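Each remark here refers to the structure printed beneath this line.
None of these values were measured; they are calculated from a predicted model.
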Amino acid sequence: MALRNHTTITEFFLTGLSTDPHIEALLFALFLVIYLLTMMGNLMMLLVIRADSHLHTPMYFFLSNLSFLDICFSSVTVPKLLEDLLSEKKTISVEGCMAQVFFVFITAGTEAFLLSMMAYDRYAAICHPLLYGQVMSNQLCVRLVLTSWGLASLNSVVIVLLAINLDFCEAQTIHHYICELPSLFPLSCSDTSININILICSIFLHGFGTFLPIFISYARIISTVLSISSTTGRNKAFSTCSSHLIAVILSFGSGLVRYLMPTSGSSLDLLASLQYSVVTPMLNPLIYSLKNKDVKAALKRMLEKYV
């Protein structure tokens, strides 16, 4: 992947999370545990959903795809972070940097679309329970997931083209632990105003386009639930949505803060990125398993069968 450089720059330097070897050792242990928990938790969700026929429904089809995305998302950033925490010289090639930008956007973008579709699934289940099987057919679910990947891929290509067309002269230090466009733009000696505006528009349209269906779905869900006379019925309906709402807040909140707020190089930028790329993929399987009776029952059946 060639870039038009005034000087030949083959790699970038990452400042990482710390320069203190003792703190880096502690952070390595912490993020290694987080990464292992992320892998085990999401693989467990995939295995349980695939193995238990009771979970072969649209909701869990989307959830299994969410687990797969979390595995991919975490693997794009955390292994490189772990490597750098053990390295004195934290570098990443220009090609590796562009690849990381691309895969961060495609996994995060697909996850945003998927969360939007999961909200529509909950709307169909709660507001139109008698027609749920017809509305959320297997063919529709597969098409929705494939559409999510397609739209996110297209958006990712556009985003990466913003970086490929930049000129990088002398500045090589990225004040972050991963490659992200808000941290790359300040290094360019090109005029990045158009690039920044395109990025903001892309993020806004992507975020608005995925958040709007979530908002509309939950507005109708709340209206329907409030019309239920039974307190038990209302609580049951709300409980089916609480896990998804938590996942939406965790994913959208930190992501929008990172990409729509001005880059300052402060700890807030690092914390926002760590939230959506490291912590959220670990929390999602915990959120959906600990608060979901069906998943806990399926896990119990699987353990009784094989243990």
Tell me the closest heavy-atom pair linking [X] and [Y], and the distance in Å.
X: Leu114; Y: Leu66; answer: CD2-N, 3.3 Å
X: His206; Y: Asn155; answer: ND1-ND2, 3.6 Å
X: Thr224; Y: Ile126; answer: CG2-O, 4.0 Å
X: Ser153; Y: Phe102; answer: O-CE1, 4.3 Å
X: Met136; Y: Phe62; answer: CE-CE1, 3.6 Å
X: Cys179; Y: Ile174; answer: SG-CD1, 3.7 Å

Do [X] and [Y] belong to the same hydrophobic cluster, where Ile, Leu, Val, Met, Phe, Trp and Tyr are linked whenever their side-chain heavy atoms lie under 4.5 Å apart, directly or via other members?
X: Ile200; Y: Tyr276; answer: yes
X: Ile164; Y: Leu181; answer: yes
X: Leu271; Y: Ile249; answer: no
X: Val158; Y: Phe103; answer: no
X: Met59; Y: Leu130; answer: no

Could you tell me whether the side chain of [Y] reaches within less than 4.5 Å of the side chain of [X], counting heavy atoms only?
X: Met282; Y: Ser74; answer: no
X: Ile221; Y: Val225; answer: yes
X: Lys89; Y: Phe13; answer: yes
X: Val248; Y: Ile214; answer: yes
X: Ser75; Y: Tyr35; answer: yes
X: Ile159; Y: Ser202; answer: yes
X: Leu14; Y: Lys80; answer: yes
X: Leu81; Y: Ile178; answer: no

What do you reckon, is [atom1] of [X] surrounded by more than 12 foreign heavy atoms closer than 6.0 Å?
X: Phe215; atom1: CZ; result: no
X: Ile194; atom1: CD1; result: no
X: Phe185; atom1: CZ; result: yes

Is it the case that the side chains of [Y] and [X] hold a donor-acceptor pair, with the cut-off being a distance below 3.5 Å and no angle test?
X: Asp52; Y: Tyr60; answer: no
X: Thr15; Y: His176; answer: no
X: Asp20; Y: His22; answer: no
X: Thr280; Y: Gln275; answer: yes
X: Thr77; Y: Tyr177; answer: no

Quick one: pull up [atom1] in [X] and [atom2] in [Y] and give me the separation to the nearest 0.5 Å.
X: Ile216; Y: Ser116; atom1: CD1; atom2: OG; value: 9.0 Å
X: Leu199; Y: Glu180; atom1: CG; atom2: CD; value: 10.5 Å
X: Cys141; Y: Asp121; atom1: SG; atom2: CG; value: 6.5 Å
X: Ser64; Y: Leu47; atom1: OG; atom2: CG; value: 12.0 Å
X: Met117; Y: Ser148; atom1: CE; atom2: OG; value: 2.5 Å
X: Asn195; Y: Leu184; atom1: CG; atom2: CG; value: 11.0 Å

What class does the angle between the rings of Tyr120 and Tyr123 fall in, given that below 30° is parallel, 30 to 60° is tilted and above 60° is perpendicular? tilted

Between Leu46 and Asn42, is a side-chain contact (heavy atoms from CB on, under 4.5 Å) present by the stated rule, with each step listed? CA-CA 6 Å; Leu46 286 171; Asn42 285 290; 5.6 Å; no

If the test is side-chain hydrogen bond (donor to acceptor under 3.5 Å, both in side chains), which one of Asn65, Asn284, Thr38, Thr107 qualifies with Asp70? Asn284

Does [Y] offer a backbone N or O that forms a donor-acceptor pair with the side chain of [X] under 3.5 Å?
X: Glu11; Y: Ile92; result: no
X: Ser137; Y: Gln134; result: no
X: Ser223; Y: Ala219; result: no

side-chain contact (heavy atoms from CB on, under 4.5 Å), that's the test. Do Phe12 and Leu187 meet it? Break it down for me. CA-CA 10 Å; Phe12 294 111; Leu187 304 185; 4.1 Å; yes

Salt bridge or not between Glu24 and Lys90? Use side-chain N to carboxylate O under 4.0 Å. yes

So Thr147 and Phe113, side-chain contact (heavy atoms from CB on, under 4.5 Å) or not? Walk me through it. CA-CA 9 Å; Thr147 300; Phe113 279 116; over 6 Å; no

Given the rule in the side-chain contact (heavy atoms from CB on, under 4.5 Å) test, do Leu69 and Trp149 qualify, once you have shown the distances and angles that lead to the verdict? CA-CA 10 Å; Leu69 278 168; Trp149 279 100; 3.4 Å; yes

